[in-house]
Amino acid sequence: MMQRLRVALLGNAANEHTMRWARWLAAHRHEVLLVTDRESTDPVPGVKEVRIEPEGWQRAKLWLRRGDVFAWNGMKGESAGPHLREFAPDVVHSLDAVGWGEALSAAPRGSARVLMPWGSDVLWWPKRSWAARRIVRRAMRLAHAVTGNGPGLEEELAALGAERAAMYMFSWGASDVYFTLPSRREVEGWREVLGIAPGTRIVLSPRSAKGHLGAARILRGWAHWRREAPESQSALVLLRGHATDRDWSSVLAMKDKLVTDDSVRVVDRLLGWRELLPLYHLADAAVMMPRTDFRSLTMLEFMACGVFPILAPLPAYRGRVADMGAEPEAPVRGVLLGGHSPQALAEGLSRWDRLADDDLAPLLEGNRRAMQAEERFSVNAPKIIEVYDRALRRARARSRA
């Protein structure tokens with residue numbers, strides 16, 4: 001029988017992945033405190049939610065450091081400390097190394113400290129900000145266990161100071177809702193909203209249009225391909241997601257400059273899973289071209305819906321998806337691009353576009369079966385208890401040392 005634990009989550013309550021872990025822990029009868037600086041739009045029954053914000057001298061300090069976008073991240077532990085001491089958790093679990101990693105310092109004596117990086121918090125920001133790198137490196141030192149949705153990225157974490165003995169990486173899997181079927185009306189409703197004619201193959205750019213996630217590279221590659229294959233009956237759909245006004249304006253300006261036909265559609269808002277599910281079922285393929293990434297949950301979600309993957313050649317992607325030409329018997333197949341250039345994407349799109357529906361059907365069915373067996377959140381989530389157990393053992397060993 002699973003031991004009941006007192007778990008304090010430190011994270012953004014407006015983030016669906018934070019709330020996914022809160023829901024799972026509460027559903028399995030663990031006592032959960034969520035310390036956050038963002039209000040939840042969908043509170044979890046049974047989870048005590050405490051919101052912190054800068055107070056008093058912290059406000060003055062933030063004003064003095066107003067050019068440092070990470071200043072508040074380094075102060076969260078001071079505000080979270082009293083709530084953690086009152087709760088007396090077995091485990092303090094920080095979600096996001098930059099946003100909440102340093103707050104692990106407020107964990108009460110005897111509590112196990114678990115760090116769960118998201119992706120860009122360890123793969124992007126530490127390479128571009130000394131302040132972010134300092135926060136992440138300290139978080140790695142504080143953690144008794146480091147985990148995340150990133151099998152194969154142990155080298156990246158070790159370079160930031162994580163102990164190899166503390167690492168326990170596993171695939172979270174796609175949320176179970178993505179293994180359900182939307183109604184035909186919902187799916188076709190998206191076709192009508194986007195103004196895409198029946199018979200047109202749809203390529204989705206499913207990641208947020210934030211600058212580092214590759215929307216600009218996708219647009220350049222799409223424009224290149226359309227010049228090479230203007231006869232292709234296809235459309236690209238770009239999602240704004242969490243992109244800032246500045247990033248989104250840049251993407252729209254690039255679209256107007258590079259794409260000379262009517263083959264690109266945009267969705268100018270953030271979508272929740274209820275809207276994404278039918279959109280994924282409408283799409284034929286999805287393209288992702290970031291420079292770095294963990295095992296993207298977005299990738300797992302659209303593949304659970306039967307969407308063909310066209311992906312940048314990243315280690316985290318190759319650990320899940322094999323190129324259909326290089327490994328024709330692999331359980332999950334798609335197109336792994338030859339690089340990040342417009343030409344590489346154009347070649348990848350051509351490989352996909354040449355596949356007839358009869359050739360795609362068995363490949364996608366194989367992908368779906370593998371995802372169903374190996375990439376469901378409800379099946380993979382219990383591994384977090386193994387992470388907690390490992391962290392508790394390491395915490396006890398350190399206290400005896």
Side-chain angles (χ1 to χ4, degrees), residues 118-120 123-124 148-153 156 169 171-174 178 201-225 234-239 241 276 279-281 283-355 359-360 363-371 374-375:
W118 285 146
S120 60
L123 296 176
W124 174 263
N149 190 42
L153 289 173
E156 299 270 4
M169 310 299 286
S171 180
W172 302 347
Y178 291 102
R201 277 183 163 182
I202 297 173
V203 180
L204 184 65
S205 173
R207 298 298 293 275
S208 164
K210 290 180 180 179
H212 66 281
L213 291 177
R217 286 187 287 274
I218 291 172
L219 267 176
R220 292 188 188 100
W222 181 264
H224 187 99
W225 182 58
S234 55
L236 173 67
V237 178
L238 291 168
L239 304 187
L276 283 171
L279 180 57
Y280 286 160
H281 278 268
D284 298 285
V287 179
M288 300 202 320
M289 292 187 72
R291 291 284 185 184
T292 60
D293 205 357
F294 270 27
R295 179 171 291 184
S296 166
L297 291 172
T298 300
M299 175 185 75
L300 300 181
E301 290 162 359
F302 70 66
M303 288 198 302
C305 297
V307 181
F308 184 88
I310 302 173
L311 305 171
L314 302 181
Y317 297 171
R318 288 197 299 266
R320 175 68 277 182
V321 179
D323 187 86
M324 63 181 183
E327 300 181 55
E329 302 303 319
V332 179
R333 291 171 288 158
V335 167
L336 292 180
L337 302 174
H340 288 82
S341 68
Q343 181 62 39
L345 179 54
E347 291 172 359
L349 288 166
S350 293
R351 290 180 63 197
W352 161 74
D353 198 43
R354 286 195 296 268
L355 292 171
D359 296 322
L360 275 170
L363 185 153
L364 294 176
E365 181 56 31
N367 286 2
R368 272 192 292 262
R369 285 198 302 269
M371 296 296 296
E374 302 169 14
E375 296 289 2

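The shown structure was predicted, so the numbers you read here are calculated from the model rather than taken from an experiment.
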Beyond-backbone contact of V321 with L311, side-chain heavy atoms, under 4.5 angstrom: yes
Heavy-atom pair of closest approach, residues L300 and S171: CD1-OG, 3.7 Å
Under 3.5 Å: donor-acceptor pair, side chain of R291, backbone of H212: no
Sidechain-backbone polar pair: N149 side chain, W118 backbone, donor-acceptor under 3.5 Å: no
Close side-chain approach of H224 and Q343, heavy atoms under 4.5 Å: yes
Which atom of A370 lies closest to which atom of P331, heavy atoms considered: CB-O, 3.8 Å
Atom of W222, atom of L345 and distance for their closest heavy-atom approach: N-CD2, 4.0 Å
Atom pair CZ/CG of R368 and L363 - distance to nearest 0.5 Å: 10.0 Å
Rounded distance (nearest 0.5 Å) linking atom CZ of R354 with atom CG of L349: 11.0 Å
Stepwise side-chain contact (heavy atoms from CB on, under 4.5 Å) check, L236 with I218: CA-CA 9 Å; L236 173 67; I218 291 172; 4.2 Å; yes
Distance in Å, N367 CG paired with E365 CD, rounded so as to fall on 0.5 Å steps: 9.5 Å
Any donor-acceptor N/O pair, H340 side chain to P290 backbone, under 3.5 Å: yes
Pair D284-F308, side-chain contact (heavy atoms from CB on, under 4.5 Å): steps then yes or no: CA-CA 6 Å; D284 298 285; F308 184 88; over 6 Å; no
Contact summary for D323 and L336, nearest pair of heavy atoms: OD1-N, 2.9 Å
L213 backbone acceptor or donor facing R207 side chain under 3.5 Å: no
Residues which pass salt bridge (charged side-chain N to carboxylate O under 4.0 Å, His left out) with E375, listed by chain and number, not counting sequence neighbours: R295, R320
From CA spacing to verdict: side-chain contact (heavy atoms from CB on, under 4.5 Å), Y178, M371: CA-CA 11 Å; Y178 291 102; M371 296 296 296; over 6 Å; no
Between W225 and S350, a side-chain donor and acceptor under 3.5 Å: yes
Shortest non-hydrogen contact from Y317 toward D293: OH-OD2, 2.5 Å
Minimum heavy-atom distance between M288 and F302, given as atom pair plus value: SD-CE2, 4.0 Å
Straight-line distance of R369 CZ to L364 CG, nearest 0.5 Å: 11.0 Å
Euclidean distance, L360 CG relative to R201 CZ, rounded to 0.5 Å: 5.5 Å
Check against side-chain contact (heavy atoms from CB on, under 4.5 Å), E374 and V332: CA-CA 11 Å; E374 302 169 14; V332 179; 5.6 Å; no
